[in-house]
*Asks:* 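Would you mind keeping the following structure in view while I ask a few things?
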Amino acid sequence: MSIDFTKIPTPCYVIDELLLRNNLGLIKQVRETARVDILVAFKAFSNWGVFPIFKEYGFGASASSLNEARLAFEELGVRAHTYSPAYEEETIADILKYSSHISFNSINQLRKYSNVAIQKGVSIGLRVNPEFSDSPHDIYNPCRPGSRFGITADQFGSTLPQEVEGLHFHTLFEADSFALEKVLAVFIKKFGKLLPKLKWVNMGGGHLITKRGYDIYHLVKILIDFKNSYSVQVILEPGSAFTYQTGYLVSTVLDIVENNGIKTAILDVSFTCHMPDCLEMPYKPVILGATDEIPGKPTYRMGGISCLAGDYMGNWSFDKELKPGDKIIFDDMIHYTTVKTTMFNGVNHPSIGIWNEKSGYRLIKEFNYHDYKNRLS
Ligand SMILES: Cc1ncc(COP(=O)(O)O)c(C=O)c1O
């Protein structure tokens, strides 16, 4: 039985539990076959209302802030592997309380906080920058010249500070295993001499393991070969892969307007507030039942409910003319959405719900005026 979207009050993010479990199962299979650690990167998805499902699969967590590390501890029941470009004196003690591993972005930060991390028994790592990425989007390329992320090989010298147990790199974006293979070759060339002294290597995120066609056997082989060559624990921390293609943003057409021959369907959702990656990356999302523009078919821009002039995307064609009340269902709207949304313009936040075959739709959270008011003062 597929989701009955007519039953879902909009606007709403709807997670499909079956699709989510498929992803979790596949990633667990990679973890067990390669005998590596795979952490959920909270930056991509941290809707803790569904963590009871995640818990069944036994993943750890990767955090980028005190809030994420604390959420991992409270709601996933694990201490996080934490990395931030810099830590603050006011919060480092709490971050260490909720972390099993901490990676520092610079030698300055390592010098500043390594003693306290050692006292708390937290394993220390350094983020390195291999200066190699094949990300097609500059905004998601942490290895660009001038990047603020990680220590480059020429800054490193030949010795590892003795308190450092691990290295962390993150260079990939929605990548396949062959991209990882290329990055690893560069990483080994630049930092390989440090590997015999390490306990762990964290290969960051960007591994889109759950994308159709991803060669998981190749990934497993690379990971096993690496582990066997260097006798280190291997850690991956993908975000997107966990919730890739696991649900929708369901919206309703409120009005149709026309200007200079361009028809816009005004929706009860917003690109800037609820689908920010579409504008930031940018990319054009899939709408169920619509196609890219086909001349001769009813064709529309989708217009957001905010006042931002650029809060629209185009163009999609439909079989029939759209009218107020029609549902517009954006596909693949679970990762990097609810973690990035805003209430700009006071626009209400879409509800969050989950759907499964047995019980149908279940509302997890609704938002109201108090959520808007409580963010402000
Ligand atoms: C350090 C780090 N780890 C993990 C991730 C997760 O990456 P993805 O969601 O692309 O798998 C990111 C994403 O920006 C990151 O910066």
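The chain is numbered in sequence order, starting from 1. Just follow the structure's listing: the first ligand is 1, and inside any ligand the first atom is 1.
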*Asks:* State which residues pass side chain to side chain contact (heavy atoms under 4.5 Å, CB included) with E56; sequence neighbours excluded, sorted by chain then number.
*Replies:*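 Partners of E56 under the side chain to side chain contact (heavy atoms under 4.5 Å, CB included) test: R21.
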*Asks:* Only counting residues at least two apart or in another chain, list the ones meeting side chain to side chain contact (heavy atoms under 4.5 Å, CB included) with A290.
*Replies:*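 I287, W316, F318.
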*Asks:* List in chain and number order the residues that pass side chain to side chain contact (heavy atoms under 4.5 Å, CB included) with Q109, two or more places apart in sequence or in another chain; answer none if no residue qualifies.
*Replies:*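 Side chain to side chain contact (heavy atoms under 4.5 Å, CB included) list for Q109, sorted by chain: A86, Y87, F104, S106, Y113.
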*Asks:* Would K182 count as a cation-pi partner of F178, with NZ or CZ less than 6.0 Å from the six-membered ring centre and within 45° of the ring normal?
*Replies:*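 Geometry flag: not set, cation outside 6.0 Å or 45°.
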*Asks:* List by chain and number: which residues place a heavy atom under 4.0 Å from ligand 1?
*Replies:*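 Residues near ligand 1: A41, K43, R127, H168, H170, G205, G206, E237, P238, G239, S240, Y336.
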*Asks:* Could you tell me which non-hydrogen atom of L66 sits nearest to which non-hydrogen atom of Y98, and how far apart they are?
*Replies:*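 In terms of heavy atoms, the two residues are closest at CD1-CD1, 3.8 Å.
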*Asks:* Using the rule that Ile, Leu, Val, Met, Phe, Trp and Tyr join whenever any side-chain heavy atoms are under 4.5 Å apart, tell me whether F54 and I15 fall into a single cluster.
*Replies:*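 Linked within one cluster.
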